[in-house]
Amino acid sequence: MDPTDITRPDYFHKVVDCQWACPAHTPVPEYIRLIAAGLYCDAYIVNWRSTVFPGILGRTCDRPCEPACRRGRVEAGSPEHRKNVAKPEPVAICRLKRVAADYKEDVRPRLLPRTTFRNGKRVALVGAGPASLTVARDLAPLGYECIVFDADPQAGGMMRTQIPKFRLPDRVIDEEVGYVLDQGIEFRGGTRIDSLAKLLAGGVGGRFDAVFVGSGAPRGRDLDIPGRREAAANIHIGIDWLSSVSFGHTTQIGRRVVVLGGGNTAMDCCRSSRRLGGEDVQVVVRSGFDEMKASPWEKEDAMHEGIPIHNYLVPVEFTRDRGKLTGVSFQKVAPGVDVRGRRQLLPTGEAPVFFPCDDVLVAIGQENAFPWIERDLGLAFDDHGMPVVDRTTMASTLPGVFFGGDAAFGPKNIIWAVAHGHDAAISIDLHCRGEALSNRPPPHVNLLSQKMGIHEWSYDNAIHADRRYRVPLKDTVIALKDIRAEVELGFDPRVAFAEAQRCLNCDVQTVFSDRLCIECDACVDICPMDCITFTSNGDEADLRTRLSAPAHDVAQDLYVSAPVKTGRVMVKDEDVCLHCGLCAERCPTGAWDMQKFLLDCAHAGDRTRAASDAAGAAAIGAMAAD
C-alpha cells in the first residue's frame, strides 16, 4: 500500500466517526469538550455555525452521529460488556447538544452581525422550514436580500407544525428561528406561492436572481381500503392532524384510537392522542418491530407512555355502522421471500385481527406535492414526480432554481435539511457571481499538537468506563395531562459533565513520523486495542489479515507509513483506536504525536477550491511535520 496521505482533509475527517456521519459535519468532540469545561456559549456557537438550530436539534435530531460513535464499537468488543451482557451504547451526542442550548448565556453578541450592506442580488425562498432558513442565514451576511415566503403565519415550517410541543416547545423554535430572521431576512408569512412561473417572472415581490424551494413534503399518504370514504369523518391523515393540533384547531380525539404506521410521525400521533383524550391508543404496523422507520428512542418513549405496538398486521378494511367508524380489520402477515428470492410479507392464513376504535390516524408516509410548479419551465421531474436535483449543488435543471430539504429528495430529518441549505447557499452565491457551481470551496482544516509536556496533553485522555446516562423525564401522569408540557427534562450540568467524559476524543489523531521511529515496538506493546503493527508491506486485503488484531471493518481506512529503517511499514487500524495517547507517551523519540484535527465545512462566501487547495494541503503537511 502507498503511504497514507494525511494531508487529505477526508482522511482524518473519516476517523472522527460522528462528524463524518453528521450531514452538516458538526465538529462533535470539539463541542463536547467545551461542554465538559462548562463553556456552554462556546459549545453553542460551534453548533450554531454548522447546525443552525442547536436547541431544536438537541431535542429532535434523528442522530445519525450516534450509531457511528466509536464508543459503541469499543464497548461492544470489551470483555466487561460481553461478560455482563451489557448493551454497548454511544455517547449521548444529541442530548449534549441540547445542554449547550439550555445553559448558554445570551449569545446574540456572538452571532453573525446584521449587515446593512446589499450586493444588489435578491433571493426568493419558498417555505420557511429549516432548509430555507439555513440558506437565508448563510447568504444574508454576504449582502443578499433574502425574502422567505410561507403560507403559515409564523416561520419554522415542519419544526413548528408537525413536531408536538411536548417534544419541541414554541419558545425554543421562536428563539432559534428568531436568530436567523434577525440577520435582516424578510419573512412574508401568510403568503402562498401558487406559481413558480409567476415568481420567476417577477409577479410576486419583484424579480429574483435565484429561487430556493424548501417547501417540504406537505402531503401525507392516504390508505384506500374499503370503508375509507364512508368513515372519512373519523379517519385523519397524520401530518395534517398534527398540524391542526399544533395550531390549536384540534383539541380532542376519541377514547379509542388506532394509529397506522411505524415511523416517527406515527409515534408523534399516538403520543399526542394520549394527551387529547385517547385512553386506549394502539399503534399497528405492517412490518416487524426492528424494521420500523421510527427511531428506537421514539418507540421507547411511546411504550413508556403505555402505548402498545402491534407488528405484522396489514389493514384491510375500516369497519363502520351506519356510516360511523367502528374499527379496523387487519390481515396477519409474516416475513418471507417470493419465487425470485425477494423479501416480502406473506399472509399467514390466520383469522383476521380486529381493533375497535373511535378514530384512526393514518401515518404511513409522506409525499411531495408540486402542483404550483408548471411543467413547461425547463425544470425536469423524475418518474416519481420529484424534481431532478444535483446532490452536490442542490441545483435543478432550471438555472437559478435550487431545492433542499424534503422538497429535494423526499422526507428526512431536520439535520439533512440544514446540510442541503448550506450546500444550496454556496451554489446560489456562485450562481449569482457567475461562477461554476462545481467550483466548491474546501473545508477549513487545522491539525495541532496537543503536547504540553513529556506525558501531558491539553485534553483529558483518560478512558471513562461509565455507562450512558439517561435523560430524566417528566412524570408520565403529569406529562399526559398537558400536550404542551415538555417531557424530556434534559441533563443538568453535573450529569452533562459525566456523559461528556464518555467521549473518546476521536478528533485528537495519532500522527506518526517514520523518520523518527527506531522500531523499538514500545507503541505496539502498550496499545490497549492492538491497533498498531510493524510488518512488511502488501496490498490492503493482505495487510488486514496480518495485523496484531485483524482489521475487518473495510469502511475504516488503514494508516500506513512510509518504510522505516528495516523496510517494514507501520500499519494502524483506525477503527477501534481509543485515542488515548499511550503510544505517544511511550515513544522515546517522539515518532508518535497526538494532534487535534479540526474540520469546519465551508459556507457560502468562502474561498473556492481552485484558490485554496494548494495552500490548504501545504499548511496541513507543515503542521503534521512540526
Side-chain angles (χ1 to χ4, degrees), residues 52 121-140 144-152 155-159 161-162 180 185-219 366-382 384-414 416-432 437 604:
V52 186
K121 303 295 184 179
R122 305 178 77 233
V123 179
L125 302 107
V126 181
S132 292
L133 293 174
T134 298
V135 174
R137 196 221 49 182
D138 286 359
L139 292 179
Y144 287 90
E145 181 183 354
C146 298
I147 302 176
V148 181
F149 299 92
D150 199 288
D152 291 332
M158 55 76 63
M159 299 186 295
T161 62
Q162 293 174 24
V180 175
I185 294 154
E186 182 180 349
F187 173 61
R188 297 188 184 180
T191 304
R192 181 184 297 276
I193 300 300
D194 293 318
S195 167
L196 179 59
K198 183 178 179 181
L199 182 66
L200 294 173
V204 185
R207 287 195 173 273
F208 294 95
D209 298 280
V211 172
F212 177 80
V213 179
S215 54
R219 185 171 64 193
Q366 295 168 232
E367 298 175 329
N368 292 72
F370 300 103
W372 57 280
I373 298 181
E374 294 82 357
R375 296 307 195 260
D376 59 353
L377 299 176
L379 199 159
F381 285 80
D382 64 20
H384 301 286
M386 293 292 293
V388 176
V389 177
D390 185 281
R391 290 184 176 272
T392 299
T393 66
M394 310 309 296
S396 72
T397 57
L398 181 60
V401 177
F402 303 84
F403 284 74
D406 293 355
F409 307 116
K412 281 199 172 183
N413 192 263
I414 296 169
W416 282 99
V418 170
H420 293 168
H422 288 315
D423 289 338
I426 291 172
S427 296
I428 290 171
D429 183 45
L430 291 170
H431 168 77
C432 289
L437 303 188

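Just so you know, these numbers come straight off a predicted model, no measurement behind them.
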ask   = Please walk me through it: do D152 and T161 pass side-chain contact (heavy atoms from CB on, under 4.5 Å)?
value = CA-CA 9 Å; D152 291 332; T161 62; 3.5 Å; yes

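- Closest approach of D138 to H422, counting heavy atoms only: OD2-ND1, 2.6 Å.
- In this structure, a donor-acceptor pair under 3.5 Å is present between the side chains of Y144 and D429.
- By the 4.5 Å heavy-atom criterion applied to side chains, V52 and L133 are not counted as neighbours.
- A cation-pi geometry, defined here as NZ or CZ lying under 6.0 Å from the six-membered ring centre and within 45° of its normal, does not hold between R188 and F149.
- Counting only distance, with no hydrogens or angles, the side chain of R192 and the backbone of G190 share no donor-acceptor pair below 3.5 Å.
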key: Working for side-chain contact (heavy atoms from CB on, under 4.5 Å), residues Q162 and Q366   = CA-CA 12 Å; Q162 293 174 24; Q366 295 168 232; 4.0 Å; yes

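- From R122, atom CZ reaches atom CD1 of I147 across 4.0 Å, with rounding to the nearest 0.5 Å.
- Between the NE2 atom in H431 and the NZ atom in K121 there is a gap of 8.0 Å [rounded to 0.5 Å].
- Annotation: side-chain hydrogen bond (donor to acceptor under 3.5 Å, both in side chains) contacts involving residues 390-408, sequence neighbours excluded, comprise D390-T393.
- Listed here is the closest heavy atom pair of P411 and A217: CG-CB, 3.9 Å.
- Atoms CZ and NE2, on F402 and H420 in that order, are 14.5 Å from each other to the nearest 0.5 Å.
- Between S195 and W372, the closest side-chain pair of non-hydrogen atoms is not below 4.5 Å.
- Partners of A128 according to the side chain to side chain contact (heavy atoms under 4.5 Å, CB included) rule, which considers only residues two or more places apart in sequence or in another chain, are V148, D150, A155, F187.
- With rounding to the nearest 0.5 Å, the separation of SG in C146 from CZ in F212 is 11.5 Å.
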Quick one: side chains of residues 196-203, donor-acceptor pairs under 3.5 Å with protein atoms, not counting sequence neighbours, listed by atom name and distance.
none

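- The nearest pair of heavy atoms linking A425 to L139 is O-CD2, 3.5 Å.
- Between S132 and L125 the shortest heavy-atom distance is O-CD2, 3.3 Å.
- To the nearest 0.5 Å, atoms CH2 (W416) and CZ (F409) are separated by 9.5 Å.
- Considering every non-hydrogen atom in both A408 and M394, the closest pair reads CB-CE, 4.0 Å.
- Taking every heavy atom of both residues into account, V418 and T134 meet most closely at O-CG2, 3.4 Å.
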